[in-house]
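One structure is given here, and the rest of the page talks about it.
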Amino acid sequence: MAARILIVTGDAAESLEVLYPYQRLLEEGYEVHIAAPARRKLQFVVHDFVEGFDTYTEKPGYTWPADLAFAEVDPADYAALVIPGGRAPEYLRNDPEVKRITAHFFQHDKPVAQLCHGPQISAAAGVLGGRRTAAYPALEPDVVAAGATYEDGEAVVDGTLVSGRAWPDHPGWMRAFLEVLRSKAPAH
């Protein structure tokens, strides 16, 4: 039986930041489930970087079904957690079920991959204190306020936590996460 990986996300998540790890982990032989506030089709977005624009732009992205509602998740059933970015973490961080799920992975030293705005969730869950993490650069003050050290890197590894800044970091971020994942929770 394949080890299971959980992705927590919702509407307005960045399309690439959900679908790239989802497909990459399936390719490695893991069973991957997407959890969201409810079991339904989610609307993702595309964040892009435009020269001369002060921040990223947003356009409608792919739609994708959630396999589970957060309330249905037993985190003990999963070997690792992926927290994609986009705008979804901004509101998901207030969900007590997401905090419960996220805290479990940190408390049990299970692999966690977070990207872009994903650290907003781990910060709200109270598990970033004393850690090193990358994040979307505009979130540096949020990371510091959560008691963590912000690092500007494509693949920041702090024990079982692997983080990156945004979707351009995917190759390094996922390579580092897979190294941690293979050592802690092989696919089979």
Side-chain angles (χ1 to χ4, degrees), residues 5-18 20-22 24-25 35-37 44-49 53-58 70 75 78 80-181 184:
I5 310 295
L6 184 67
I7 298 175
V8 292
T9 195
D11 289 325
E14 212 297 323
S15 293
L16 283 173
E17 294 180 11
V18 177
Y20 177 78
Y22 177 79
R24 185 67 187 92
L25 292 165
F44 300 146
V45 297
V46 172
H47 287 156
D48 204 356
F49 304 99
F53 204 72
D54 289 333
T55 187
Y56 54 86
T57 62
E58 182 175 286
F70 294 141
Y78 294 90
L81 176 67
V82 177
I83 310 173
R87 281 188 302 113
E90 178 183 302
Y91 67 90
L92 293 177
R93 65 183 166 173
N94 297 311
D95 187 310
E97 294 293 332
V98 171
K99 292 178 193 178
R100 170 187 67 85
I101 292 164
T102 303
H104 168 89
F105 287 90
F106 281 84
Q107 290 163 354
H108 294 275
D109 199 33
K110 293 180 178 182
V112 175
Q114 62 184 12
L115 189 67
C116 196
H117 285 72
Q120 289 179 314
I121 291 175
S122 51
V127 294
L128 271 188
R131 305 299 298 251
R132 293 180 302 107
T133 188
Y136 188 69
L139 268 61
E140 181 177 358
D142 303 88
V143 165
V144 171
T149 301
Y150 172 81
E151 288 193 18
D152 185 14
E154 73 172 6
V156 175
V157 179
D158 182 5
T160 55
L161 174 62
V162 180
S163 56
R165 296 166 295 201
W167 61 261
D169 291 341
H170 275 165
W173 173 68
M174 191 53 54
R175 187 179 312 109
F177 182 60
L178 284 168
E179 282 181 31
V180 170
L181 195 52
K184 294 285 275 184

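FYI, side chains are in, hydrogens and waters are out, and symmetry mates aren't considered; it's all heavy atoms of this structure.
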In Å and rounded to the nearest 0.5 Å, what is the CH2 to CG distance from Trp167 to Leu16?
-> 6.5 Å
Determine the interplanar angle of the Tyr56 and Phe49 rings, folded into 0 to 90°, and report it as parallel if under 30°, tilted if 30 to 60°, perpendicular if over 60°.
-> perpendicular
Taking all non-hydrogen atoms of both residues into account, name the closest pair between Ala134 and Val156 and its distance.
-> CB-CG2, 3.8 Å
Gap separating the SG atom of Cys116 from the CD atom of Glu14, nearest 0.5 angstrom = 7.5 Å
For Leu115 and Glu17 the tightest heavy-atom approach is CD2-CG, 3.5 Å
So, for Phe177 and Ala80, which heavy atoms are closest and what is the spacing to 0.1 Å?
-> CZ-CB, 4.0 Å
Side chains of Val157 and Glu179 in contact at under 4.5 Å (non-hydrogen atoms) | no
Closest heavy-atom contact between Pro111 and Lys184?
-> CG-CB, 3.8 Å
For Arg93, salt bridge (Lys or Arg N to Asp or Glu O under 4.0 Å) partners two or more places apart | none
Partners passing ring pair (Phe, Tyr, Trp, His ring centres under 6.0 Å) against Tyr22 (at least two apart in sequence or in another chain) = Trp64
Sidechain-backbone polar pair: Glu151 side chain, Arg132 backbone, donor-acceptor under 3.5 Å | no
Can you name the nearest heavy-atom pair linking Ile83 to Val8, along with the distance?
-> CG1-CG2, 4.0 Å
Roughly how far, to the nearest 0.5 Å, is CG of Asp95 from CD1 of Ile121?
-> 9.0 Å
d(Leu25 CG, Leu181 CG) to nearest 0.5 Å is 6.5 Å
Whether His108 and His104 hold their rings parallel, tilted or perpendicular, with breakpoints at 30° and 60° = tilted
If only atom types and distance count, is the side chain of Thr133 paired as donor or acceptor with the main-chain N or O of Tyr150 below 3.5 Å?
-> no
Got a second to check how far Leu128's CG is from Phe106's CZ, nearest 0.5 Å?
-> 5.5 Å
Who are the ring pair (Phe, Tyr, Trp, His ring centres under 6.0 Å) partners of Tyr20, not counting sequence neighbours?
-> His170
For the pair Arg100 (side chain) and Pro75 (backbone), establish whether a donor and an acceptor sit closer than 3.5 Å, ignoring hydrogens and angles.
-> no
Tyr78 (side chain) donor-acceptor with Phe105 (main chain) under 3.5 angstrom = no
Kindly say whether Pro168 contributes a backbone atom to a donor-acceptor pair with the side chain of Trp173 at under 3.5 angstrom?
-> no
Identify, with sequence neighbours excluded, every residue that meets salt bridge (Lys or Arg N to Asp or Glu O under 4.0 Å) alongside Glu58.
-> Arg87
NZ (Lys110) and CG (Leu161) are apart, to the nearest 0.5 Å, by 15.5 Å
Exercise answer: donor-acceptor pairs, residues 137-147 side-chain atoms, under 3.5 Å, sequence neighbours excluded:
none

Who pairs with Asp54 by salt bridge (Lys or Arg N to Asp or Glu O under 4.0 Å), at least two apart in sequence or on another chain?
-> none
Which atom of Ala125 lies closest to which atom of Ala103, heavy atoms considered | CB-N, 4.5 Å
